[in-house]
Amino acid sequence: MTKLQDKLAITQVLAGLMKHPERTSSKAYDLSTDDFVEKMHQIIFGAITNLYTNEAKKITILEIDAYLQNYTEQYRIFNENDGIEYLEAIQEFSVIDNFDMHYQRVKKFTFLRECKKIGIDISDIYNEKLVDLAEEEERNKRFDKMTLTDMVKHVELKIILIKEQFLSSNTFSGGHISENVQEIIDAKEASPSFGAPQASLFLNTIFRGSRKRKFNLKHGNTGGGKSRFGMANMAAKTIPEIWDNKENKWIKTGANKHGLIISTELDEEEIKLPFVAYIANVDESLIHEKKLTHEEKVRVEKAVTILEKSSLWFEVLSDFDIEDIETTIIKHINLHDVEFIEFDYIHTSLKLLSALAQKGARNLREDQILLIIAISLKDLCNKYDIHIESATQLNDNQNKDDNMDQSWIRGSKALADKIDGGYILLEIRPKDQKLIDAVYKSGKMVKFAVEPNISLNVYKSRGGKWKRIRVFGHFNTGTLRFQDLFCINYNGELISEIELKTISFNEPSGTEISKLLYDNDEDELPEFAED
């Protein structure tokens, strides 16, 4: 007979149930025949339970004996074990007030038996094979102190640790909060934690660059420049040499990151030509219209050779599901050491709907599907130590209020909960022009040679200092060149403290580019007048 039981506790529970049979159906006590190992105990428990179910008002020894006489095999076992004398004994020595304590002990042994039945090692909780009396006493003390909840958590932890070791080693890491703290501080002092550069130097400061394990999301209207700005961000990371109109020469940017553009709507030509235009600083429309000068043709030809030297790849997924996205990313991580991903546009697809339906997720709303994609992209950031930026459309709330936040996101405001950085691209509206005029009129800033034609409205920067910030700049969509002009907060107040951050590719933290180059000799960095 197994030792995984406590006969004293069992007899106390049975005696308590005879006194208070209502406990057999009470929600406070979860008892079944599985809580009793020996057949005799199961028979007595079954008799008490059935008598109470049949509305017996009082459970006595005679009532149990009379009930069991109707069941030949059970009554035989009851008599062979001197059932009446046994019941008299447990009633005599029972302590009814200690019922809860004995109940918990019975359940603890039930738990141990169930664990053992499915192959879980419980020897670290209760070792049945101890022969040394001192060790057995120590075991019993530890076991007595453990609650059933403690035991469940103990077993759960063992399963979790095994799961992390074999299934989730790339996703989870942990330990004591103090571990490696000094090393982290030392690393910050040696090299501030900035990621790879973005097209906007102001965004470099606000987001601390494109950091690994971070998922950023931009939002804009159809044709509002989302895809182009994503390309500009990628160009800042990966293009090693570009033409500078101001210096009238080719200059080295230092950009050396490995990037991947995943397009869901743009074709090969729409992805590649903008990068040629960026490198040569030639408006893409001139390439399409065959209006290039001889000097521009020479620059375009060299731009092609420079593009060949870059560590930038692309994929087109016209119809996709979550598995396609992950497979594509893993392929380029393994083949090309890609670390920075631009997933052009989050939206639904027929293949995605079909894949979700096969998994039992049918009739999902658009917001639920977009959220699933966002969660998957964020998980990929953590799992593979990469940075991902993507984009979504705006909804009609932009015409109803001036929040410029997650309430403007088409499909799902919940997307904002899953991202690390979020910003909205807006073309200059009449209300924005009034703010721009007020900034220049204030005399606090020198007017630029170019006018702002876009605002980047940052509504979320997890862990960052700057939020609800509007970056006004000039974005040439034909060359992907972006010029930062000035920043205001969501109240329209000019902010001069935000640094135009350049990030050095030579730093151990990775990342950097010298200040971005602009389109004409008159362009200049912002200057702030003295207060």
Side-chain angles (χ1 to χ4, degrees), residues 187-212 214 216 218 229-259 275 278-279 281 306 310-312 339-340 342 387 389 421 423 445-446 448-450 452 454 456 458 461 463-466 469-476 479-487 495-528:
K188 298 292 182 184
E189 292 179 352
S191 176
S193 59
F194 282 84
Q198 298 179 283
S200 165
L201 302 185
F202 281 135
L203 288 189
N204 280 345
T205 298
I206 294 170
F207 291 135
R208 303 209 304 276
S210 300
R211 292 175 291 151
K212 292 183 181 180
K214 304 301 177 185
N216 287 1
K218 54 186 171 292
F229 199 77
M231 293 180 190
N233 279 335
M234 187 59 74
K237 301 172 178 60
T238 60
I239 303 301
E241 188 175 1
I242 59 177
W243 177 262
D244 179 11
N245 278 354
K246 182 179 290 187
E247 299 290 335
N248 197 36
K249 67 178 182 180
W250 294 97
I251 64 130
K252 303 289 186 181
T253 67
N256 58 12
K257 298 304 175 185
H258 294 222
F275 285 93
Y278 169 82
I279 296 170
N281 204 4
I306 292 172
S310 71
S311 298
L312 179 60
E339 302 170 295
F340 299 92
E342 179 71 29
H387 173 89
E389 180 158 318
Y423 60 106
M445 190 180 65
V446 176
F448 295 94
V450 295
I454 192 173
L456 312 175
V458 180
S461 177
K465 174 182 178 182
W466 302 104
I469 298 296
R470 306 193 68 189
V471 176
F472 282 85
H474 183 85
F475 184 38
N476 186 330
T479 62
L480 302 184
R481 301 291 181 92
F482 180 83
Q483 179 179 352
D484 293 276
L485 299 178
F486 60 87
C487 294
I495 301 176
S496 60
E497 305 95 294
I498 299 182
E499 177 187 2
L500 282 160
K501 176 66 180 177
T502 59
I503 306 174
S504 171
F505 286 97
N506 298 322
E507 294 177 359
S509 57
T511 58
E512 83 199 86
I513 195 168
S514 51
K515 69 182 181 183
L516 292 179
L517 305 162
Y518 304 125
D519 293 343
N520 59 66
D521 294 342
E522 296 179 324
D523 290 343
E524 56 188 359
L525 294 176
E527 296 180 11
F528 293 95

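Scope of the values below: all heavy atoms of this structure, side chains included, with no hydrogens, waters or symmetry mates.
Pairing each heavy atom of Ala236 with each of Ala255, the nearest pair is O-CB, 3.8 Å. Taking both residues in full, the closest heavy atoms of Gln483 and Val450 are given as OE1-CG2, 3.4 Å, listed atom of the first, atom of the second, then distance. The heavy-atom pair separating Met234 from Phe340 by the smallest distance is CE-O, 3.5 Å. The shortest non-hydrogen separation linking Leu203 to Ser200 is N-OG, 3.1 Å.
In this structure, the side chain of Ser310 does not engage the main chain of Thr238 through any donor-acceptor pair within 3.5 Å. No donor-acceptor pair under 3.5 Å is formed between the side chain of Arg211 and the backbone N or O of His387.
A donor-acceptor pair shorter than 3.5 Å cannot be found between the side chains of Asn233 and Glu342.
Atoms CG and NZ, on Leu312 and Lys257 in that order, are 14.5 Å from each other to the nearest 0.5 Å. For the atom pair CG of Asn281 and CG of Leu480, the computed distance is 10.0 Å after rounding to the nearest 0.5 Å. Taking OH of Tyr278 as the start and CD1 of Ile306 as the end, the distance is 11.0 Å to the nearest 0.5 Å. Between the CZ atom of Phe486 and the CE atom of Met445 there is a distance of 5.0 Å, given to the nearest 0.5 Å. Atom CD1 in Ile251 sits 4.5 Å away from atom CD1 in Ile242 (nearest 0.5 Å). Note that OG of Ser311 and CD of Glu339 are 9.5 Å apart. Values are rounded to the nearest 0.5 Å.
Here the rule is side chain to side chain contact (heavy atoms under 4.5 Å, CB included) with Phe202, and of Ile495, Val458, Leu456, Ile498 only Ile498 fits it.
Note on ring orientation: taking the six-membered ring where Trp is involved, the planes of Phe229 and Tyr423 are perpendicular (angle over 60°, cut-offs 30° and 60°).
Residues Asn204 and Phe194 are not in side-chain contact: their nearest non-hydrogen atoms beyond the backbone lie 4.5 Å or more apart. His474 has its side chain out of reach of Phe448: every pair of non-hydrogen atoms, C-beta onward, lies at least 4.5 Å apart.
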Stepwise, does the side chain to side chain contact (heavy atoms under 4.5 Å, CB included) test hold for Gln198 with Lys237? CA-CA 7 Å; Gln198 298 179 283; Lys237 301 172 178 60; 4.2 Å; yes
Report task. Start with the C-alpha gap between Phe207 and Lys214, add the side-chain angles, then the distance that decides, and say whether side chain to side chain contact (heavy atoms under 4.5 Å, CB included) holds. Result -> CA-CA 10 Å; Phe207 291 135; Lys214 304 301 177 185; over 6 Å; no
query = Which is it for Phe482 and Ile454 under the side chain to side chain contact (heavy atoms under 4.5 Å, CB included) test, yes or no, and what are the steps along the way?
reply = CA-CA 10 Å; Phe482 180 83; Ile454 192 173; 3.7 Å; yes
Does the side chain to side chain contact (heavy atoms under 4.5 Å, CB included) test come out yes or no for Val471 and Asp484, once each step is laid out? CA-CA 7 Å; Val471 176; Asp484 293 276; 3.8 Å; yes
